**Q** 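Below you will find the structure I want to go over with you.
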Amino acid sequence: MILLSDPVVSDMPIEECGEALIDLRTVAALRVDPRMAGTGTAYTHLRRSVVDRLVTAQSLLPSNLYLLVVEGYRPLALQARYFGAHVDRLRVTRPGQDDDWYRRQASRYISPPEVAPHVAGGAVDLTLCDADGAELWLGTEVNDTDTEACHTASTEVAPEAMENRRVLSAALGRVGMINYPTEWWHWSYGDRYWACVTQAPAARYGPANLPGM
């Protein structure tokens, strides 16, 4: 498994395509969950090609299921705060390790800011819901990190949750998005991690800027 802290990710070149960040609240085909609203409105944005892929993925789902977007774009400062806080927690719970160990361990669940797919506007955290907006159970809560159960291929979750993960993965995989294996909810396109996993010559997206953020 390639982690986001692996040098093969940071070594990937970027050929920025200049795609705009689109506000998902203007996309009728997609549903956006408000749980991240306390961080501002950045979370409702994604690069145009990512939005197009999500709309197509929605059309591939069974008619009674819907993608529920939890978080898209994340400003660099917020990503740095999340990563630093996770490293600090690890220093408390797993004392005595060197800086490289803490960085690699933290990157199993939160990306180092300089390569973060969310910062590029290419990553989305999402789950499934029904027609009434009720979330399906996929084995853990979104962002329930540091457990083996949150790994996409985990066998520690119930069969129903495994099937829901399979449905989500099938739709997103068919539109060219890739999953970060330690987080069933995290999918991306066009960022450095995507380029590394798909063996693309370069990432399409570098760090994005959203006016006012």
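Each residue takes its place number in the sequence, starting with 1. Just so we're clear, the structure is a prediction, and the values are computed from it rather than from any experiment.
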**Q** Measure across Tyr205 and Gly122 and return the closest heavy-atom pair with its distance rounded to 0.1 Å.
**A**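 Taking every non-hydrogen atom into account, CD1-CA, 4.1 Å.
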**Q** Would you name the heavy atoms of Gly121 and Leu21 that are closest together and state the gap between them?
**A**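 Answer, listing the atom of Gly121 first, then Leu21: CA-CD2, 3.9 Å.
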**Q** Are Val175 and Leu60 packed together at the side-chain level, in the sense that at least one heavy-atom pair is separated by less than 4.5 angstrom?
**A**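 Sidechains of Leu60 and Val175: in contact.
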**Q** For the backbone of Leu90 and the side chain of Gln105, can you confirm whether one donor and one acceptor N or O come within less than 3.5 Å of each other?
**A**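 No.
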**Q** For salt bridge (charged side-chain N to carboxylate O under 4.0 Å, His left out), just list the numbers for Arg35 and Asp125, CA-CA rounded to whole Å, side-chain angles, deciding distance to a tenth of an Å, and then say yes or no.
**A** CA-CA 12 Å; Arg35 75 188 72 178; Asp125 295 338; over 6 Å; no
**Q** Determine, step by step, whether Met177 and Leu54 satisfy the side chain to side chain contact (heavy atoms under 4.5 Å, CB included) criterion, reporting the C-alpha distance in whole Å, the side-chain angles of both residues, the deciding distance to 0.1 Å, and the verdict.
**A** CA-CA 9 Å; Met177 298 186 72; Leu54 292 181; 3.8 Å; yes
**Q** Applying side chain to side chain contact (heavy atoms under 4.5 Å, CB included), run through Thr127 and Leu136 and close with a yes or a no.
**A** CA-CA 8 Å; Thr127 186; Leu136 275 64; 5.7 Å; no
**Q** Rounded to the nearest 0.5 Å, what separation is found between the OG1 atom of Thr152 and the CE atom of Met162?
**A**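 So the OG1 of Thr152 and the CE of Met162 are separated by 11.5 Å.
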**Q** Quick check: closest heavy atoms across His186 and Ala123, and the distance to 0.1 Å?
**A**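 Smallest interatomic distance, heavy atoms only, reads CE1-CB, 3.6 Å.
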**Q** Would you say Val119 ends up clustered with Val87 if hydrophobic residues are merged whenever their side chains have heavy atoms under 4.5 Å apart, either directly or through other cluster members?
**A**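 No, Val87 and Val119 fall in different hydrophobic clusters.
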**Q** Tell me, with the steps shown, if Val157 and Arg165 meet side chain to side chain contact (heavy atoms under 4.5 Å, CB included).
**A** CA-CA 10 Å; Val157 299; Arg165 291 185 186 188; 3.5 Å; yes
**Q** Apply the side-chain contact (heavy atoms from CB on, under 4.5 Å) test between Tyr73 and each candidate in Asp23, Leu210, Val50; give the one that qualifies.
**A**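 That would be Leu210.
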**Q** Glu16 vs Arg47, test: salt bridge (charged side-chain N to carboxylate O under 4.0 Å, His left out). Steps then yes/no.
**A** CA-CA 12 Å; Glu16 175 61 56; Arg47 297 278 193 149; 2.8 Å; yes
**Q** Should we say atom CZ of Arg89 is surrounded by more than 12 heavy atoms from elsewhere, each under 6.0 Å from it?
**A**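 Yes - once you tally the heavy atoms of other residues, nucleotides and ligands closer than 6.0 Å, there are more than 12.
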**Q** Hey, does the side chain of Glu160 reach the backbone of Trp137 with a donor-acceptor pair shorter than 3.5 angstrom?
**A**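 Not at all, since once roles are kept as given, no pair shorter than 3.5 Å links the two residues.
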**Q** Quick one, Asp33 and Glu135 - any side-chain contact, counting heavy atoms below 4.5 Å?
**A**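 Counting from C-beta outward, Asp33 and Glu135 do come under 4.5 Å.
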**Q** Check the hydrophobic clustering (I, L, V, M, F, W, Y; side-chain heavy atoms under 4.5 Å; chains of links allowed) and say if Val92 and Phe83 are grouped together.
**A**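 Shared cluster, no.
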**Q** Should Leu68 and Leu24 be regarded as members of a common hydrophobic cluster, given that ILVMFWY residues are connected when their side-chain heavy atoms come within less than 4.5 Å of each other, either directly or indirectly?
**A**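 Different clusters.
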**Q** Measuring from atom CG of Leu76 to atom NE2 of His118, what distance do you get when rounded to the nearest 0.5 angstrom?
**A**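 Leu76 atom CG to His118 atom NE2 measures 13.5 Å (nearest 0.5 Å).
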**Q** Taking Gln58 for the side chain and Leu65 for the main chain, is one N or O donor matched with an acceptor at less than 3.5 Å?
**A**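 Looks like yes, one N/O pair under 3.5 Å.
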**Q** Testing Val27, Leu126, Thr44 one by one against Val32 for a side-chain contact (heavy atoms from CB on, under 4.5 Å), which residue passes?
**A**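 Only one option passes, and that is Thr44.
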**Q** Between Tyr180 (side chain only) and Ser111 (backbone N and O only), is there a donor and an acceptor less than 3.5 Å apart?
**A**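 Absent.
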**Q** So, taking the atom named CG in Leu172 and the one named OG in Ser188, what distance separates them when rounded to the nearest 0.5 Å?
**A**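 It is 10.5 Å, given to the nearest 0.5 Å.
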**Q** Provide the closest heavy-atom pair for Thr41 versus His45 in the form atom of the first, atom of the second, distance.
**A**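 That closest heavy-atom pairing would be O-ND1, 3.1 Å.
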**Q** Testing the basics here: between Asp191 and Pro117, what is the closest heavy-atom pair and its distance to 0.1 Å?
**A**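 Smallest heavy-atom distance, with atoms named: OD2-CG, 3.3 Å.
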**Q** Is there a side-chain contact between Val167 and Pro62, using heavy atoms and a 4.5 Å cut-off?
**A**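 Side chain of Val167 against side chain of Pro62, heavy atoms only: contact under 4.5 Å found.
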**Q** Supply the atom-to-atom distance Arg53 CZ to Arg174 CZ, rounded to the nearest 0.5 angstrom.
**A**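 That separation rounds to 14.0 Å.
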**Q** With rounding to the nearest 0.5 angstrom, report the OG1 to OH distance, Thr198 to Tyr193.
**A**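 Answer for the OG1-OH pair, Thr198 versus Tyr193, is 11.0 Å.
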**Q** Kindly say whether Ala131 contributes a backbone atom to a donor-acceptor pair with the side chain of Arg31 at under 3.5 angstrom?
**A**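 Confirmed, Arg31 side chain pairs with Ala131 backbone.
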**Q** Quick one: are Tyr189 and Ser49 in side-chain contact, heavy atoms under 4.5 Å?
**A**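 Contact flag for Tyr189/Ser49 side chains = yes.
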**Q** For Trp185 and Asn143, test the side chains for any donor-to-acceptor distance below 3.5 angstrom and give the result as yes or no.
**A**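 Asn143 and Trp185 do have a side-chain donor-acceptor pair below 3.5 Å.
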**Q** With rounding to the nearest 0.5 Å, note down the distance linking OH in Tyr82 to OG1 in Thr39.
**A**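 Tyr82 OH to Thr39 OG1: 5.5 Å, rounded to 0.5 Å.
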**Q** Considering non-hydrogen atoms only, spot the tightest contact between Cys196 and Val9 and give its length.
**A**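 Scanning both residues completely, I find the closest heavy atoms to be SG-CG2, 4.3 Å.
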**Q** Could you check whether Trp184 and Thr140, counting side-chain N and O atoms only, form a donor-acceptor pair closer than 3.5 Å?
**A**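 Yes, side-chain donor-acceptor contact under 3.5 Å.
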**Q** Report whether Leu168 and Tyr66 are members of the same hydrophobic cluster (ILVMFWY, side-chain heavy atoms less than 4.5 Å apart, transitive linking).
**A**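 Looking at the clustering, Tyr66 is in a separate group from Leu168.
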**Q** Just by modelled atom types, is the Met12 backbone N or O under 3.5 Å from a matching donor or acceptor in the Arg192 side chain?
**A**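 Yes: the side chain of Arg192 pairs with the backbone of Met12.
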**Q** Check the side chains of Arg94 and Tyr102 for a donor-acceptor pair under 3.5 angstrom, ignoring hydrogens and angles.
**A**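 No, because no side-chain N or O of Tyr102 sits under 3.5 Å from a partner of the opposite role on Arg94.
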**Q** Salt bridge or not for Asp99 and Arg91, using N-O below 4.0 Å?
**A**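 Yes, Asp99 and Arg91 are salt-bridged.
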**Q** Starting from the C-alpha separation in whole Å, work towards a yes-or-no answer on side chain to side chain contact (heavy atoms under 4.5 Å, CB included) for Ile22 and Leu46.
**A** CA-CA 5 Å; Ile22 304 300; Leu46 285 167; over 6 Å; no
